[in-house]
Amino acid sequence: MIDIFKTQPDGSLAELDEIEPGAWIHLLDPNEDELMEVQDALHVEPEFLRAALDEEETVRIETDEGQTLVVVDIPIVKPSQNSFLYTTIPLAIILVGHNIVTVCLEETSILEDFSNDRVRGFDTCKRSRFLLQILYRNAGKYLQYLRQIDKAQTQVENALHESMKNRELIQMLKIEKSLVFFSTSLKANEVVLEKMMKFNLIKRYPDDVDLLEDVIIENKQAIEMGNIYRDILSGTMDAFASVISNNLNIVMKLLASLTIVLSIPTLVASFWGMNVAVPFQNDPNGFWWVVIISIGACAVSFYFLWKKKMF
């Protein structure tokens, strides 16, 4: 799908039917015909247009013949077995001529904010600022999702306090997986931002320098927050693993103690079940004497095991 937007002289954002200079062209999971249409209209490098169509595409920034490609990882949320998995996908931003092109495999609220004209100071003709605004919103989206992950982690942790179930443990593993995805992508994005700061790969104006610094700070904050949440989650998982192991030891200790106590009546019954002369064999109350002996032996063994805190 192709969407074309352009900021009008009065500051409003209009959707166009054809590509014009100063327009923003957004490609959402494009097919081959749509890619060829944009390629023919703007003479974009084919590799640049197809960069974000591979979910495993490497985050990078490069220039070629006056065209600049910036590939960054953006966060998304996917449903996964009655829960959610936070992951990342690549977003390609291409500066070509007087236009800017974005390519993504899935819809993202980061670009929807721009297409719905909800970003202050947004102008499709100011390509460098537009690029930095996308990166800034991207870092902010990471922070938003990290807070959501922290809340989800707290809810699962509270559920684990009440009942140790595999479902909650699997949810904790999904949260840990999401944090790993975010941490890896944020560090890769940081490399791109540092290159943009050190090298003049895109044309920047004085205000753009301040915005780029804000983007770097926001990205670093997201990295630190992700690392903190990962450390907390790792400690929590280790604690719950120890609790589960301890609970298992308690159960096994209880079962072993019960086995010892319950084996005593079996032992007594085995002795009195022999085909030899035994006490009380001619006593009409012999059975009850055997029962009393078994109960007494069980009580004595239970007392000693209880003193040893086996129960």
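Along the sequence shown, the residues carry numbers beginning at 1. Just so it is clear, the structure is predicted and the values come from calculations on it, not from any experiment.
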(message) Measuring only between side-chain heavy atoms, which start at C-beta, is Met172 closer than 4.5 Å to Leu233?
(response) yes
(message) Name the residue from Ile94, Thr102, Ile2 that meets the side chain to side chain contact (heavy atoms under 4.5 Å, CB included) definition with Leu27.
(response) Ile2
(message) Could you measure the distance from the CD1 atom of Ile175 to the CD1 atom of Ile170? Nearest 0.5 Å is fine.
(response) 12.5 Å
(request) Over all heavy atoms of both residues, which pair between Ala41 and Ile19 is shortest? Give the atoms and the distance, please. (result) CB-CD1, 3.8 Å
(request) Mind checking the CD-CD spacing from Glu62 to Glu47? Nearest 0.5 Å is all I need. (result) 9.0 Å
(message) Under a 4.0 Å threshold between the charged nitrogen and the carboxylate oxygen, would Arg50 count as salt-bridged to Glu57?
(response) no
(message) Less than 3.5 Å apart, any donor N or O on the side chain of Lys141 or Gln144 sitting next to an acceptor on the other?
(response) yes
(request) Indicate yes or no for a side-chain donor-acceptor contact from Glu34 to the backbone of Asn31 under 3.5 Å, with no hydrogens or angles considered. (result) yes
(message) Within this structure, what is the CG-NZ distance for the pair Leu85 and Lys174, rounded to the nearest 0.5 Å?
(response) 7.0 Å
(request) Among Ile74, Ile110, Asp29, find the residue that satisfies the side chain to side chain contact (heavy atoms under 4.5 Å, CB included) test when tested with Cys104. (result) Ile74
(request) To the nearest 0.5 Å, tell me how far Leu212 CG sits from Leu193 CG. (result) 6.5 Å
(message) Quick check on Glu18: does its CD atom have over 12 non-hydrogen neighbours (other residues, nucleotides or ligands) under 6.0 Å away?
(response) no
(request) Find the distance between OH (Tyr145) and OG1 (Thr87) and round it off to the nearest 0.5 Å. (result) 11.5 Å
(message) Are there over 12 heavy-atom neighbours, none belonging to Asp10, within less than 6.0 Å of that residue's CG?
(response) yes
(message) For Arg127 versus Gly97, what's the shortest heavy-atom pair and its separation?
(response) NH1-O, 2.8 Å
(request) List the atom of Leu111, the atom of Leu91, and the distance in Å for their closest heavy-atom pair. (result) CD1-CD1, 4.0 Å
(message) What I'd like to find out is whether the side chain of Ile250 reaches to under 4.5 Å of the side chain of Asn246, using heavy atoms alone.
(response) yes
(request) Could you check if a side-chain atom of Pro30 sits within less than 4.5 angstrom of a side-chain atom of Leu53, using non-hydrogen atoms only? (result) yes
(request) Drop me the distance from Asp214's CG to Leu135's CG, to the nearest 0.5 angstrom. (result) 12.5 Å
(request) Please assess Glu112 against Arg137 for the test salt bridge (Lys or Arg N to Asp or Glu O under 4.0 Å), listing each intermediate value before the final yes or no. (result) CA-CA 11 Å; Glu112 286 178 353; Arg137 304 286 291 193; over 6 Å; no
(request) Please examine the side chains of Val180 and Arg230, heavy atoms only from C-beta on, and report whether any two atoms are closer than 4.5 Å. (result) yes
(message) Once you measure the plane-to-plane angle for Phe122 and Phe130, does it fall in the parallel (<30°), tilted (30-60°) or perpendicular (>60°) bin?
(response) tilted
(request) Report the C-alpha separation of Ser185 and Tyr142 in whole Å, then their side-chain angles, then the decisive distance to 0.1 Å, and conclude whether the side chain to side chain contact (heavy atoms under 4.5 Å, CB included) test is met. (result) CA-CA 10 Å; Ser185 297; Tyr142 272 107; 3.3 Å; yes
